[in-house]
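Working notes, beginning with the structure itself.
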There are 2 protein chains.
Amino acid sequence: MELDERKKKILKAVIANYLETGEPVGSRTISKYTDLDLSSATIRNEMADLEELGYIYSPHPSAGRVPTDKGYRFYVDNLMEEKEEIEEVKSTLLERVDRMELMLKQVAKVLAYNTNYATMVTAPNYRKTVKFIQLSQVDLDNLLAVIVVEGNIIKNQMIPVNVPLDNEDVLKFNILLNTFLQGAALEDINLEMIQAMKKQAGEYDVILEHIFQGIVEAIHEANELEIYTSGATNILKYPEIGDISKTSELLEAFENKNELTNLLEKTVNNDGEEGIQVYIGDETPVQNMKDCSLVTATYKMPEGATGTIGIIGPKRMDYKKVVSTLKNLTIELDDIFKKGKGVNTDGD
Amino acid sequence: MELDERKKKILKAVIANYLETGEPVGSRTISKYTDLDLSSATIRNEMADLEELGYIYSPHPSAGRVPTDKGYRFYVDNLMEEKEEIEEVKSTLLERVDRMELMLKQVAKVLAYNTNYATMVTAPNYRKTVKFIQLSQVDLDNLLAVIVVEGNIIKNQMIPVNVPLDNEDVLKFNILLNTFLQGAALEDINLEMIQAMKKQAGEYDVILEHIFQGIVEAIHEANELEIYTSGATNILKYPEIGDISKTSELLEAFENKNELTNLLEKTVNNDGEEGIQVYIGDETPVQNMKDCSLVTATYKMPEGATGTIGIIGPKRMDYKKVVSTLKNLTIELDDIFKKGKGVNTDGD
DNA sequence: ATTAGCACTCACCAACATCGAGTGCTAACC
DNA sequence: GGTTAGCACTCGATGTTGGTGAGTGCTAAT
């Protein structure tokens, strides 16, 4: 059954009011709040219908109505018109950040500050090929390998060696490593390659293997999906989320980066769509977030790499604000990356 | 007024019991709990004395007694004998961690897991002199500077250059930078040095200045005191700490690394003593930790560098366990560093 | 000095009454 | 037919009351 115009208006009013106050909203409030000019009795009848249809429910007979997940869903899909004003705040804060990592941290922070929800941001995910390897002798017992991967993520690895090497040896290794590894991604490295390298290394094959191991480890690290979070404590501000033990669970989950990464990856893969996704209550792919909502957005780098931004808040979060903020933010990010200026994508 | 032996015994029993249960403890409990063989009435008299002296108080007339800050203090200073058994758990977990950063993170984590309190660990603080600088051309527009400082902390810095440089130029810069900066610490870099370098750079003085700036920035970063935290959510487990708003404040403070660093530095400087320090309630140097206790310990590296470990918990924390855990842990850390094996002190 | 005894206090809890916001339903109204 | 005034009803929230029990302080006896 389709909702008629009036029901939509009432549903919207109920939700808007509930988002604001957090209290169940009664018929009289709606009767005054809207421009419908209907008595509370009429509203009551309509609300009874809406309840029957599953959009709202009353926690107990003498309380007002509260949106159900279905209600929120309808609101987000059909009722919510987005804010037009652009949130300027963050752009000023994003000014000078010359490293990917710092910038994403900053994004998470600013977003948490602006929205009062918990936020997380993943670094862009793309095929990370080796751009450049530099091996140098730091002291008698240690080689330092510096690996620059595409996107200028830099990883360092100390490699202990027990055989004295002279400059020339190191130079040889350097050339060898670069010839084989430049342009390669993690998944390109295979046994054959190792064999070929060892062959070329001749008597140094054992050391080379050692060094190679260190480098692979570093590449591995560069491939790990970084995730930055902020505003975890904001969760405490919304008592509806549950008692202390539930909140605590949620916070712990939020501290666990692996879990979060999975979560974000799942949401993005779930529905191949890009852009902004809203997950309400049970719709979220993680158990202990049943009483929350999750809004995700993806941003793009010109090379096609994408990253995800996520916001976790109570079900009664300000969807309008969050969605429009995210929309603007992703546009801004896309922009910054497009210009390719002001941001060096180097890790540290 | 000195406490006589019996009062001490009773105070100790009260505190021990309270630490265990978290409930005010009554005279009858003590009468049974101790080997004093005294009736509850006698205990009552003694407890009244202890209350007058400020070691304990009753939250209300018909409740038992609870230790005051002064009581805890006396307990920690005079009454508490430390556990003899060594906490083996963590050592097993500290096995293979080959980077300072990861290891300290691990320490914080294990400690939080073992104690159920919030923990923080600072990296050792020492004069960080430049060991080695490596400049390389990553692509047409960027130089990569790798700076290794004493203790094998490695920092990377991308330096955009708009003038094409050939290999030889880079090599020259490398030599120049290393001659001037090797062995220097941040505070050694001064205007004179810059002038001298520029002079030697000749026509390249502008680029050099640019590069130099990038390097100084990196050295700066290496000098920043890192701090790692874990178990923040443990704070939620102790409702005595206060209502949600207080807990939330505390958690936020805990998220703010700068504040924490200050805190730890303050505690260490406060009383020049090294070793283990216990701050109870008001004694902590930070306002919003009034309802908590803080235990800090310092560990040493053979070169004299020291770092700090801190544990934040409720006032009724298990001081005995915490102190002995910290004692063992610092010994273990000192040991690991002394061996100098198993740990490469490289950042990333 | 110790302790048995006792009156006293007060947090905690359950039972109960009150209040009021909000409902559903019915009947009257336009 | 849709709308609304009116009313009985529900039930959470709040407040009151009384009983219970843990624990105390004091006194008098040991």
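Note that these values count all heavy atoms, side chains included, but never hydrogens, waters or copies made by symmetry. None of the values given here were measured: they were computed from a predicted structure. Convention: sequence-line order gives letters A, B, ...; per-chain numbering from 1.
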Inset, instruction - Run the numbers on B/S58 and B/V66 for side-chain contact (heavy atoms from CB on, under 4.5 Å), then give the verdict. - result: CA-CA 6 Å; B/S58 48; B/V66 165; over 6 Å; no
Legend entry - Nearest-Å distance for atom pair CG/C1', residues B/N45 and C/dA1: 10 Å
All N/O pairs under 3.5 Å across the protein-nucleotides 14-17 of chain C interface:
none

Inset, instruction - Starting from the C-alpha separation in whole Å, work towards a yes-or-no answer on side-chain contact (heavy atoms from CB on, under 4.5 Å) for B/R65 and B/Y57. - result: CA-CA 5 Å; B/R65 299 307 213 294; B/Y57 75 99; 6.0 Å; no
Legend entry - Polar side-chain atom of B/T68 near backbone of B/G54 as donor-acceptor pair, under 3.5 Å: yes
Inset, instruction - Find the distance A/H60:NE2 to D/dC9:C1' and express it as a whole number of Å. - result: 13 Å
Legend entry - Between D/dA13 (C1') and A/E23 (CD): distance, integer Å: 12 Å
Inset, instruction - Nearest whole angstrom, please: distance from the P of D/dC26 to the CD of B/E46. - result: 15 Å
Inset, instruction - Grab the CD-P distance between B/E52 and D/dG25 for me, whole Å please. - result: 11 Å
Legend entry - Residues touching DNA chain C, which here means a heavy atom under 4.0 Å, drawn from residues 36-43 of chain A: none
Inset, instruction - Look at the side chain of B/Y319 and the backbone N and O of B/K315, then say whether any donor-acceptor pair between them is shorter than 3.5 Å. - result: yes
Legend entry - A/R316 side chain vs A/L19 backbone, donor-acceptor pair below 3.5 Å: yes
Legend entry - Passing option when A/Y55 is tested against A/Y18, A/F74, A/Y75, A/Y72 for ring pair (Phe, Tyr, Trp, His ring centres under 6.0 Å): A/F74
Inset, instruction - In whole angstrom, give the distance that lies between atom CD1 of B/I30 and atom C1' of D/dT24. - result: 15 Å
Anything under 3.5 Å between a protein N or O and an N or O of nucleotides 19-22 of chain C, put it in a table, one pair a line.
from, atom 1, to, atom 2, distance (Å)
C/dG22, O4', A/S62, O, 3.1
C/dG22, O3', A/A63, O, 3.4

Inset, instruction - Check salt bridge (Lys or Arg N to Asp or Glu O under 4.0 Å) between A/D77 and all other residues, then give those that pass, not counting sequence neighbours. - result: A/R73
Inset, instruction - May I have the distance from A/K7 (atom NZ) to D/dT3 (atom C1'), rounded to whole angstrom? - result: 14 Å
Inset, instruction - Mark yes or no for whether B/N17, through its side chain, and B/A13, through its backbone, hold a donor-acceptor pair below 3.5 Å. - result: no
Legend entry - Under the salt bridge (Lys or Arg N to Asp or Glu O under 4.0 Å) test, residues paired with B/R6 that sit two or more places apart: B/E46
Residues 23-38 of chain A side chain polar contacts: donor-acceptor under 3.5 Å, at least two apart:
from, atom 1, to, atom 2, distance (Å)
A/S27, OG, A/R44, NH1, 3.3
A/S31, OG, A/L38, O, 3.0
A/T34, OG1, A/I30, O, 3.0

Legend entry - Donor-acceptor pair, side chain of A/K70 and main chain of A/L53, under 3.5 angstrom: yes
Legend entry - Integer-rounded Å distance: C/dT23 P and A/I10 CD1: 12 Å
